[in-house]
Amino acid sequence: MSSVTNKKKFNWLKLFSNAFFVYLYAPIAVLIIYSFNDNRIAQVWTAFSTKWYLKAFTNEDIQRAIVNSLKVAGVATVVATLFATMAALVLSSSRFRGHGVSNAIISLPLLVPEIATAVATLSFFAAIEFPLGLTSIIIAHIVFCIPFAFMPIRARLAGMDQTLQEAGRDLYANDWQVFRYVTFPLLKPGILAGGILSFIISIDDFIISLMVAGAGATTLPLYIYSMIRLGVSPEINAVSTVLFCISVTAIIAYWLVSKQNEEKVHVH
Amino acid sequence: MAFNLPSNPLARRWFGLAPAVITIFAFMVIPIMILAVFSFMPADPYGGVDKGFSTEAWIQLFFERDLDDSLIFEPVYLQIIFRSIVLAVLATMITLAIGFPVAWYIVQQPAKKRELLLFLVTIPFWTNLLIRAYAWILILGKNGMIEKPLYALGLIDDSLELMYGNLAIGLGLVYSYIPLMILPIYASLEKLDFNLVEAAHDLYAKRSSVIRKIVIPLCLPGIIAGSILVFVLSLGDFISPSILGGGKKMMLSNLIQFQFSSARNWPFGGALTMLLLLLVGIGSFFYVRVSKKREGIA
């Protein structure tokens with residue numbers, strides 16, 4: 001594929017695209033720079049300082065919010081990834097009646113707008129009189145994490161050589177042995193990728209948590225939202241930068257795992 | 001570990017599928033049905049619903065009750081719904097206008113750089129929307145990055161009021177969802193046979209007509225997929241209007257959230273949600289049709 005742009009003329013396309021990437025990252029850069037600002041007034045730069053990070057992380061409410069977020073994301077990730085793996089193993093093996101319906105139900109959380117999921121889940125918990133709190137948030141998170149965990153696992157299975165499992169069975173391995181010694185080692189990068197995506201989606205979720213969180217079950221995004229409502233502050237900048245870094249670290253991990261995913265599948 | 005699943009294929013399937021399918025069915029499909037039922041029940045002033053049947057919530061979408069119980073046409077909610085649709089359409093058009101050239105640029109780069117640029121497009125998508133919207137307050141708000149230098153130069157002496165309006169909401173929507181426009185367009189451009197483009201050039205076709213007559217028609221599935229994704233997500237967006245619109249200019253999701261919190265009118269919130277799902281359902285229907293067609297081509 002060769003370049004089709006006219007080289008003699010000035011390259012407007014390149015300028016436009018570079019401007020786009022500046023637009024995409026400028027707000028985040030501003031946020032990170034201001035988080036290291038010494039001044040109480042967030043938008044007046046005086047000197048470099050890390051005091052807002054110290055202040056934010058000695059704040060007990062923020063500490064509690066971080067712990068809550070990690071609890072929710074941890075449990076939701078493990079459960080959603082387990083369920084997604086089981087479903088992907090069935091849905092990739094053969095086509096059968098109900099195949100399409102099962103696929104559709106699993107992708108449903110991707111199609112329904114978050115606000116609709118949020119208020120529907122709230123109504124459901126109210127109808128069965130389930131108390132709101134960390135448990136209700138975890139249940140809601142498991143639901144929308146399943147399709148995100150499912151996608152990479154399914155993709156990994158699609159590229160896998162199914163005859164290896166048959167070979168295992170021919171050698172009298174039982175179902176558990178086939179899974180433990182054949183399927184799982186091959187599937188591991190997909191499961192890892194699915195787990196990372198679930199974790200990112202869960203830790204960043206805001207609207208669904210907002211509606212189904214009871215008193216005392218504040219997650220980090222909910223805490224940040226309540227701070228933003230009070231106005232711009234250097235503490236928000238610091239906490240937001242930390243949450244941003246968590247997401248970026250996770251997405252880099254995902255990228256590395258899925259690269260490995262692509263390479264290994266093609267070996268077989 | 002001696003562990004064998006039943007040999008019956010149906011039972012094996014159910015063992016694998018049940019946890020995921022039942023979880024989503026129980027905690028998403030049933031809740032949506034319950035919400036639909038709630039929309040036909042009277043509101044409990046303390047939140048939740050009362051027993052009984054009522055179409056009040058659906059009437060409230062269009063009418064207001066006068067003191068003598070007669071219905072007067074009241075377009076205030078329809079205006080919010082209309083504003084949501086208009087903003088979502090505008091966001092879709094702007095993301096397309098920006099996203100297409102960027103995807104076109106990325107696809108022409110050498111493999112290593114292409115991978116890096118795609119990764120840069122993806123990162124914001126996976127980071128918190130709340131934070132990304134908040135960052136714009138630092139730029140657009142009072143004493144923000146835009147106003148401050150203008151103040152210093154004496155070009156303005158009052159706030160420009162860039163925040164808390166349709167402009168800021170629209171900007172937030174474009175900023176939030178543009179990766180979802182670029183990625184599908186890129187995917188279809190990547191499959192494009194560039195020999196066709198070269199052939200057209202060899203035949204002295206102008207650059208604009210090459211794009212119009214060859215590139216755009218061939219990557220139409222990507223354009224449509226990206227447009228529907230951006231439209232559906234913008235329509236249901238909660239964060240841009242509540243952070244950048246300052247809660248003054250509502251969109252559909254803010255109105256819904258408001259009914260379930262301060263207004264305590266769950267049935268009306270339910271009716272609004274059903275309307276949102278209907279609009280999204282129409283969008284998704286076209287999306288499924290387009291992606292099926294795309295599979296057919298590939």
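These numbers come from a predicted model, not from an experiment. A, B, ... follow the sequence lines: proteins, then strands. Residue 1 opens every chain.
Taking CD1 of A:Ile228 as the reference point, atom CD1 of B:Ile137 lies at 6.0 Å (rounded to 0.5 Å). Atom OH of A:Tyr254 sits about 6.5 Å away from atom CH2 of B:Trp126, to the nearest 0.5 Å. Interatomic distance, OG of B:Ser261 versus CE of A:Met211, reported as 6.0 Å (0.5 Å rounding). Atoms CD1 and CZ, from B:Ile243 and A:Arg229 in turn, are 7.0 Å apart once rounded to the nearest 0.5 Å. Here CH2 of B:Trp104 is found 12.0 Å from OG of A:Ser17. Values are rounded to the nearest 0.5 Å.
Among A:Ile146, A:Val90, A:Ile105, the single residue meeting the side chain to side chain contact (heavy atoms under 4.5 Å, CB included) criterion with B:Val21 is A:Ile105. Checked options A:Phe124, A:Phe83, A:Phe130; the residue passing with B:Phe27 is A:Phe124 (criterion: ring-ring contact (aromatic ring centres under 6.0 Å, His included)).
For the set A:Ile106, A:Val119, A:Leu111, A:Ile142, the count of heavy-atom pairs under 4.5 angstrom toward chain B peaks at A:Val119. With chain B as partner, the option from A:Ile139, A:Leu89, A:Val248, A:Leu82 having the largest number of non-hydrogen pairs under 4.5 angstrom is A:Ile139. Ranked by heavy-atom pairs under 4.5 Å with chain A, the list B:Arg132, B:Arg13, B:Met274 is led by B:Arg13. Between chain A and the residues B:Thr273, B:Ile34, B:Thr127, the largest count of heavy-atom pairs under 4.5 Å involves B:Thr127. In terms of heavy-atom pairs under 4.5 Å with chain B, the best-connected choice from A:Val178, A:Ile236, A:Ile246 is A:Ile236. In terms of heavy-atom pairs under 4.5 Å with chain B, the best-connected choice from A:Ala126, A:Pro221, A:Ala84, A:Ala80 is A:Pro221. For the set B:Thr23, B:Ile106, B:Ile98, B:Asn128, the count of heavy-atom pairs under 4.5 angstrom toward chain A peaks at B:Asn128. With chain A as the partner, the residue from B:Pro19, B:Ala18, B:Pro124 showing the most heavy-atom pairs under 4.5 Å is B:Pro19. If you tally non-hydrogen atom pairs under 4.5 Å between each of B:Val232, B:Leu233, B:Ile178, B:Val29 and chain A, the highest count goes to B:Ile178. Chosen from A:Ile224, A:Leu210, A:Thr241, the residue pairing most often with chain B at heavy-atom distances under 4.5 Å is A:Leu210. Looking only at heavy-atom pairs under 4.5 Å with chain A, the residue among B:Leu235, B:Leu117, B:Ile30 that has the most is B:Leu117. Ranked by heavy-atom pairs under 4.5 Å with chain B, the list A:Tyr225, A:Phe96, A:Phe244 is led by A:Phe96.
Counting heavy-atom neighbours within 6.0 Å of A:Lys14 NZ, excluding the residue itself, gives a total of 12 or less.
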Might you work through the side-chain contact (heavy atoms from CB on, under 4.5 Å) test for A:Phe144 and B:Met28, ending with a clear yes or no?
-> CA-CA 9 Å; A:Phe144 67 76; B:Met28 181 161 235; 5.9 Å; no
For A:Leu243 and B:Leu130, run side-chain contact (heavy atoms from CB on, under 4.5 Å): C-alpha distance rounded to whole Å, both residues' side-chain angles, the deciding distance at 0.1 Å, then the answer.
-> CA-CA 11 Å; A:Leu243 186 53; B:Leu130 198 61; over 6 Å; no
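Both the backbone and the side chain of A:Ile251 come within less than 4.5 Å of a heavy atom of chain B. With a 4.5 Å cut-off on non-hydrogen atoms, A:Ile128 does not touch chain B at all. The contact between A:Phe20 and chain B is made entirely by side chain atoms (from C-beta outward), counting heavy-atom distances below 4.5 Å. The contact between B:Ile182 and chain A is made entirely by side chain atoms (from C-beta outward), counting heavy-atom distances below 4.5 Å. Looking at B:Val49, there are no atoms closer than 4.5 Å to chain A (heavy atoms on both sides), in backbone or side chain. Using a 4.5 Å cut-off between heavy atoms, B:Phe38 contacts chain A through its side chain alone, with no backbone atom that close. Heavy atoms of B:Ile32 lying under 4.5 Å from chain A belong to its backbone as well as its side chain. Only the side chain of A:Leu91 comes within less than 4.5 Å of a heavy atom of chain B; its backbone N, CA, C and O stay farther away. For chain A, no part of B:Val215 is nearby; none of its heavy atoms comes within less than 4.5 Å.
For the residue pair B:Ala97 and A:Phe16, the shortest heavy atom distance occurs at O-CZ, 4.3 Å. Nearest heavy-atom pair, B:Leu17 versus A:Ser102, reported as atom, atom and distance to 0.1 Å: CD1-OG, 3.6 Å. Between B:Gly236 and A:Ile115 the shortest heavy-atom distance is O-CG2, 4.1 Å. Between A:Ala116 and B:Leu277, the closest heavy-atom pair is CB-CD2, 3.9 Å. Here the closest heavy-atom approach between residue B:Ile131 and residue A:Ser240 is recorded as CD1-O, 3.3 Å. The nearest pair of heavy atoms linking B:Glu115 to A:Trp255 is OE2-CZ2, 3.8 Å.
Listed by first then second residue, pairs satisfying salt bridge (Lys or Arg N to Asp or Glu O under 4.0 Å) with a partner in residues 235-251 of chain A read A:Lys55-A:Glu235, not counting sequence neighbours.
Classified by interplanar angle (parallel below 30°, tilted 30° to 60°, perpendicular above 60°), the ring pair B:Phe238/A:Phe206 is tilted.
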Report, one line per pair, each donor and acceptor closer than 3.5 Å where one atom sits in a side chain of residues 22-30 of chain A; sequence neighbours left out.
{"unit_1": "A:Tyr23", "atom_1": "OH", "unit_2": "B:Tyr175", "atom_2": "N", "d": "3.4"}
{"unit_1": "A:Tyr25", "atom_1": "OH", "unit_2": "B:Leu120", "atom_2": "O", "d": "2.6"}

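For the pair A:Asp175/B:Arg12, a side-chain contact is recorded, criterion being any heavy-atom separation below 4.5 Å from C-beta on. Counting only heavy atoms from C-beta outward, the side chains of B:Gln108 and A:Leu13 approach each other to under 4.5 Å.
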